[in-house]
Amino acid sequence: MKSHLFAFLCFLTLVAMGCVNDGTPPIEDMPEEVATEPKPARPIPKFDRDSAYAYVEQQVNFGPRVVNSDAHKQTREWLVEKLESFGAEVREQNFEAEAYDGTTLSATNIIARYAPELQDRILLTAHWDTRPFADSPLEDDENAVVNGADDGASGVGVLLEVARQLGENTPDIGVDIVLLDAEDYGQSGGGSRTSWALGAQYYAKNVPEPKPRFGILLDMVGARDAKFGVEGNSERYAPQVVRKVWRLANSMGYGDYYINERRGAIVDDHFFINSIANIPTIDIINMPGNTTGGSQFVEHWHTGDDNIDIIDKRTLRAAGQVVLATIFREAAGTL
Ligand code: AHN
Ligand code: ZN
């Protein structure tokens with residue numbers, strides 16, 4: 001008798017708590033407009049490092065992509081054609097700028113958009129031009145030219161492969177892939193900061209709507225044993241993005257590349273995207289922290305040694321697979 005009373009009291013408690021079926025359908029049976037179920041996560045595509053490597057090689061084969069040169073023009077046409085073939089909506093943002101030495105540069109930022117109708121967007125960027133002078137203090141050959149396999153082509157090659165994957169498997173978030181021009185015509189040796197990243201400055205003043213919520217710059221992401229230290233302006237302007245991406249990269253097994261060490265602040269494309277357009281943007285860039293010759297970068301930087309032999313497919317994959325995972329995790333709300 002006592003146990004029946006106990007059971008009845010329990011029943012009353014459950015009714016009071018709303019746990020007993022009162023005739024309304026359980027949440028799983030509700031129509032989609034009412035239930036706020038999270039979207040099922042889409043699988044993260046596999047980054048093809050051989051494909052990325054081929055895109056790096058093809059850029060290098062055009063010759064140095066110095067602004068105003070024929071190789072530059074041919075490369076621009078090839079990049080636009082590739083991105084269109086990967087299903088992106090492509091726009092060329094042409095501009096003229098005066099270089100620090102007085103040269104008039106005719107330059108083009110290439111903007112490739114996926115899901116242009118979506119408000120919530122991620123920016124992925126890299127520069128596609130190469131430096132007109134091999135003026136590193138470590139270069140003693142005055143005839144040396146910068147092929148820019150790492151400095152330029154690596155980031156673009158990775159983003160082309162990301163674009164190819166997005167064309168086959170579109171995430172539930174917008175992506176703007178922006179290939180910036182005239183990054184590397186700047187004045188070296190502590191010269192004018194605004195002489196660098198002229199394409200980024202133009203883009204930052206003319207960002208197409210809807211404006212991306214955050215951004216990732218890839219610069220020199222192709223060399224063997226690259227070390228992506230945490231660059232100072234990324235930490236200053238986009239600390240949450242740094243945290244998320246470095247944590248994700250480490251969880252994916254790329255901790256040898258994404259090291260948790262601070263590096264100096266540099267003026268690179270992301271500096272202007274952060275300071276002019278207010279889009280929190282990080283720079284994934286090879287800054288090993290033990291370099292010689294005065295620069296914070298690797299020894300082949302701005303020398304004739306920046307050629308295809310420097311490139312390692314494993315580094316390209318470490319950059320590209322983390323970018324793809326960032327996009328798909330962010331789209332699923334699990335980054
Ligand atoms: C400066 O040396 C001021 N900025 C480096 C940005 C850069 C040049 N990245 C590649 N090449
Ligand atoms: Zn450079």
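Everything numeric here is computed off the predicted structure, so don't read it as measured data. Note that ligands are numbered from 1 as they come in the structure, with each ligand's atoms numbered from 1 the same way.
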Who passes side chain to side chain contact (heavy atoms under 4.5 Å, CB included) against Glu89, sequence neighbours left out?
->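 Only Arg113, Pro116 meet the side chain to side chain contact (heavy atoms under 4.5 Å, CB included) criterion with Glu89.
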
Is a donor on one side and an acceptor on the other found under 3.5 Å between the side chain of [X] and the backbone of [Y]?
| X | Y | result |
| --- | --- | --- |
| Asp268 | His270 | no |
| Asp176 | Val207 | no |
| Lys82 | Tyr55 | no |
| Thr170 | Leu166 | yes |

Using a heavy-atom cut-off of under 4.0 Å, does the side chain or the backbone of [X] touch ligand 1, or both, or neither?
| X | value |
| --- | --- |
| Arg131 | neither |
| Asp219 | side chain |
| His302 | side chain |

Asp184 heavy atoms, cut-off 4.0 Å: which ligand 1 atoms fall inside?
->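 By the 4.0 Å cutoff, the relevant atoms are 8 (C), 11 (N).
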
Check the side chains of His127 and Asp151 for a donor-acceptor pair under 3.5 angstrom, ignoring hydrogens and angles.
-> yes

Sequence neighbours left out, what passes ring pair (Phe, Tyr, Trp, His ring centres under 6.0 Å) with Tyr100? Give chain and number order.
->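 Here no residue qualifies.
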
Please tabulate, one pair per line, all N/O donor-acceptor pairs under 3.5 Å involving side-chain atoms of residues 41-53, not counting sequence neighbours.
residue	atom	partner	partner atom	Å
Arg42	NE	Asp172	OD1	3.3
Arg42	NE	Asp172	OD2	3.2
Arg42	NH2	Asp172	OD1	3.0
Asp48	OD1	Asp50	N	3.0
Asp48	OD1	Ser51	N	3.2
Asp50	OD1	Lys313	NZ	2.8
Ser51	OG	Glu161	OE1	2.6

Less than 2.8 Å from the Zn ion (ligand 2) is the window; count the protein N, O or S atoms in it.
-> 4

Test the Arg131-Tyr185 pair against the cation-pi criterion, namely NZ or CZ under 6.0 angstrom from the six-membered ring centroid and within 45° of the ring axis.
->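 Arg131 over Tyr185 ring: no.
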
Under 3.5 Å between some N or O of ligand 1 and some N or O of Val267?
-> yes

For Asp151, is the nearest heavy atom under 4.0 Å from an atom of ligand 1?
-> yes

Tell me: protein heavy atom nearest atom 7 (C) of ligand 1, and distance?
->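 Ranked first by proximity to atom 7 (C) of ligand 1 is Glu183 OE2, 3.1 Å.
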
